[in-house]
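Have a look at the structure below before the remarks.
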Amino acid sequence: MLNFEIALAFQELADLLEFKGEDFFKIRAYRRAARVIACLDEPVGQLFANKKLLQVPGIGKNIASKIEELLTTGKMNKLEEMRKKFHPGLIEIMNLPGIGPKRAGILFKHLQVASLNELDRAARSEHIRKLPGLGAKTEQEIIRNIQMLQKNTGRYLLGPAKTLAAELCDLLAGFPGVKKIEVTGGVRRWQETVSSINLVAETGNPEALCLFLASHPRAKEVQICSKYRVKISTWWGIDIELLTAQEKDYWAALLWSTGNTAHCQKLASLARMKGYELSARGLADAQGRIVTLSSEDDLYSHLDLPFIPPELREDKGEIEYCLETGKLPDLVDQKDIKGDLHVHSNWSDGVSSIEQIADQAIGLGYSYVAITDHSASLKIAGGLSAEKLLEQREYIRELNKKYENFQVLHGIEADILSGGSLDCPEDILNKMDIVIASVHTGFRQDRAAMTGRIISAVTNKNVDAVGHLTGRLIGTRRGYEVDAEKIFQAAKTHGTCMEINSSPDRLDLNEDYSRLAKRHGLKMVINTDAHDLRRMREIPFGVAVARRAWLCPADILNTADLGDLLNTLKSKKNNR
DNA sequence: GCCGTTTTCGGCCCGACTGTTTTCAGTCG
């Protein structure tokens, strides 16, 4: 059983217990376990076999025994019991913004509503406004939120899709006859959400491999199963498509399967103009002979094009640009990132100590990391008071004595309060190495108010960057409305950066806003906003957004060496 | 539920915002 599935089981159990009204801390313990398991590097089965489960933080005797039950029987009794007690549709409803366990209970009790479709119908026929504690506004909000979810139906977040794709790749790579296998499609192009996981494998035994995938225990329905291609829908909710190839046509298959369709078709047209025929089955010359290729790069060369990175293959002008200039811009790369400038420690709501974060940063090859804990008003996150911040500053100053060629920077993620002021005294902000300003409350302000609020922060001389500009959570929470043009103009005037938040459920700025920010001449900073060590490894997601927006190292603040970075930050403060 | 310790049980996530009320319940960050 995959870690991913075990984590989902605990997540579902927590959701059901929440509906039941179970003790808050017990629910939180299950949620924590789900998160921890999803983040493990080692298969849970292996930890269990080596009797190391209890060493994992957040897993105690009770949860360990439930894991054992899952691993040995494939089921968890407690979860099965809860499933019998409560309608599965209730979780779907509870996951809607604004609907928690209480409201889901009211809706079920009075209207027998137990699915999003039923809820939508009830809302549209104005039944919800008649229920106790609910009204017309809530009813309209429900309709809007269901629309948002429906827009994302069949879409899967890139983060979990990548994890699942990697686990599948490992599984298939071990099948007899498989020589090469690679993840392709939207996952390889780093689309923020994908509808399927695509794979290409070079194998001497394609039919057997296709049958192997088609008979996967999590396969729900086999949509296509031919001698060289298989497509299944799965109980995970995502489709999986595998294309097989021989040595001679592997690179063309890889290209074709990576897509997108428009990019490939444009390449096929270009190939025809040069006397070739390009398809998933290879690049054929005028006589119909398959051209031997050594790489995807080689394939592009035959079309007189430079290698186009997968992130750019969206038919957004990349082919035309190459034809015109013969090359692509020098896009920012993960190796260009010299440090993470937005990380939370256990001084606020992060789980790791500052020292652990520094060690992780060094392990990632960084020259610096900024500790940016929450500001005081964010009580739930244990936001830091001015006194605490000064204490933290001293702590970091001491800690830095032990490092050579590496520095921990002292920063803060200051809340932009409803009126636009910052949740931290200016004299404290002024002492910080870096100040990220973000919105965490008052999400429902209208576009003008929210824009004005953020512009107030952008024009504050102590603010270096705006964190997660729109506050969206992909697929679950619409971002607040902002006039990005106005904010970017103000940011340009005041030399403030925009963050590309790398968290796969945020990716905020998204690629469109990143492109727009570049057009305004802004610098961006690619951060993880990590609350634990593992999530500090999510920088590639932010880098991918930047690449899809055609950003170069010079567009990104944290590609600078430590000295240059400190000079930039200081000179900004002095110049204002 | 887990964790840490005081080793047997108490602490762990509080407060703003919204929409509904007409003083507050529910949700969320």
Side-chain angles (χ1 to χ4, degrees), chain A residues 9-37 53-67 69 76 78-79 82 93-107 109 123 128-142 144-145 344 346 348-351 373-385 413-419 423 438-446 449-450 453 467-468 470-473 476-480 501 503 505-506 508 529 531:
Chain A
F10 282 109
Q11 186 65 47
E12 188 184 346
L13 180 61
D15 285 343
L16 287 166
L17 289 173
E18 192 175 11
F19 183 75
K20 187 186 164 205
E22 185 58 90
D23 175 54
F24 165 81
F25 295 103
K26 190 185 278 190
I27 296 165
R28 200 179 63 171
Y30 282 125
R31 288 207 201 288
R32 183 177 179 212
R35 201 173 56 240
V36 166
I37 291 165
L53 269 183
L54 288 171
Q55 290 172 20
V56 178
I59 296 182
K61 275 186 188 164
N62 192 303
I63 289 180
S65 77
K66 288 185 169 59
I67 292 175
E69 202 188 336
M76 189 204 302
K78 192 176 171 93
L79 178 59
M82 295 297 293
I93 288 174
M94 257 165 60
N95 284 335
L96 203 66
I99 307 290
K102 296 275 164 50
R103 285 180 178 168
I106 290 172
L107 289 163
K109 185 177 161 202
I128 288 171
R129 61 180 66 191
K130 296 168 195 151
L131 298 181
L134 297 160
K137 278 197 174 176
T138 309
E139 195 173 71
Q140 286 309 306
E141 192 61 15
I142 285 173
R144 274 197 296 275
N145 283 325
H344 295 271
N346 58 7
S348 67
D349 62 344
V351 298
D373 280 313
H374 289 288
S375 56
S377 74
L378 212 58
K379 301 285 183 193
I380 188 181
L384 302 186
S385 63
E413 184 181 22
D415 248 40
I416 306 175
L417 301 172
S418 289
D423 178 35
S438 315
V439 169
H440 290 109
T441 53
F443 280 40
R444 297 200 188 176
Q445 283 182 331
D446 65 28
M450 191 59 93
R453 178 178 171 186
H468 46 71
T470 74
R472 73 166 176 169
L473 292 178
T476 58
R477 186 174 79 198
R478 293 190 307 263
Y480 32 81
N501 191 296
S503 179
D505 56 350
R506 288 189 183 272
D508 186 13
D529 194 1
H531 288 67

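Residue numbering restarts at 1 for every chain, and letters A, B, ... go by the order of the sequence lines. Keep in mind that the numbers below use all heavy atoms, side chains included, and drop hydrogens, waters and symmetry copies.
- Spacing of C1' atoms, B/dG29 relative to B/dC13, comes out at 11 Å, to the nearest Å.
- A donor-acceptor pair under 3.5 Å is formed between the side chain of A/R477 and the backbone N or O of A/G471.
- For DNA chain B, the residues of residues 22-35 of chain A within the heavy-atom distance limit of 4.0 Å (strictly under) are A/F24, A/F25, A/K26, A/R28, A/A29, A/Y30, sorted by number.
- Comparing B/dT6 with B/dG11, their P atoms are spaced 14 Å from each other, to the whole Å.
- Taking atom NZ on A/K379 and atom P on B/dA16, their separation rounds to 8 Å, with Å as the unit.
- Taking atom C1' on both nucleotides, B/dA16 is separated from B/dG10 by 28 Å, rounded to a whole Å.
- Atom CD in A/E12 sits about 18 Å away from atom C1' in B/dG1, given to the nearest Å.
- B/dC9 sits 24 Å from B/dC14 when the P atoms are compared, rounded to a whole Å.
- Nucleic acid contact for A/P132: none, since no nucleic acid atom lies under 4.0 Å from a heavy atom of the residue.
- In this structure, CD1 in A/I99 is found 5.5 Å from CG in A/L107, a value given to the nearest 0.5 Å.
- Following rounding to the nearest Å, A/L16 (CG) and B/dG1 (P) show an atom-to-atom distance of 14 Å.
- Rounded to whole Å, the separation between the C1' atoms of B/dC12 and B/dC17 comes to 24 Å.
- Atom CG of A/L473 is separated from atom P of B/dC28 by 11 Å (rounded to the nearest Å).
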List every contact pair, protein side and nucleotides 7-11 of chain B side both N or O, where the distance is under 3.5 Å.
none

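- Computed from coordinates, the A/H531 NE2 to B/dC13 P distance equals 14 Å when rounded to whole Å.
- Side-chain nitrogen and oxygen atoms of A/T441 include none within less than 4.0 Å of the OP1 or OP2 phosphate oxygen of B/dC28.
- Judged by Watson-Crick or G-U wobble contacts below 3.5 Å, the nucleotide B/dT8 has no partner.
- Rounded to whole Å, the C1' atom of B/dG26 lies 13 Å from the corresponding atom of B/dT21.
- Position along DNA chain B of the nearest nucleotide to A/M94 versus A/T138 favours A/T138 as the more 5'-ward residue.
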Below 3.5 Å is the cut-off: list the nitrogen or oxygen pairs between protein and nucleotides 22-26 of chain B, distance only.
none

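- Note: NE2 (A/H440) to P (B/dG15) measures 18 Å, nearest angstrom.
- Ring geometry, A/F443 versus A/Y480: the interplanar angle exceeds 60°, so the pair is classed perpendicular (tilted spans 30 to 60°).
- Contact check for A/K137 versus A/Q140: no side-chain heavy atoms found under the 4.5 Å cut-off.
- Ring orientation note: the planes of A/H531 and A/H344 are close to parallel, at an angle under 30° on the 30°/60° scale.
- No side-chain donor from either of A/S503 and A/D529 sits under 3.5 Å from a side-chain acceptor of the other.
- To the nearest whole angstrom, the two C1' atoms, one in B/dT20 and one in B/dT27, are 13 Å apart.
- Contact between the side-chain N/O atoms of A/S418 and the OP1/OP2 oxygens of B/dC17 is found at a separation under 4.0 Å.
- OP1 or OP2 of B/dG19 has at least one side-chain nitrogen or oxygen of A/R444 nearer than 4.0 Å.
- Ion pairing between A/E141 and A/R144 holds under the 4.0 Å rule for side-chain N and carboxylate O.
- Residues A/V56 and A/I37 fail the side-chain proximity criterion, which asks for heavy atoms closer than 4.5 Å.
- Between the side chain of A/Q11 and the backbone N or O of A/A34, no donor-acceptor pair lies under 3.5 Å.
- Taking atom CD1 of residue A/I416 and atom P of nucleotide B/dA16, one finds them 19 Å apart after rounding to whole Å.
- The residue A/A136 sits close only to the backbone: its heavy atoms come under 4.0 Å of sugar-phosphate atoms, none of a base.
- Between B/dT18 and B/dT7, the distance separating the two P atoms is 48 Å to the nearest Å.
- Taking atom CG on A/L378 and atom C1' on B/dC17, their separation rounds to 14 Å, with Å as the unit.
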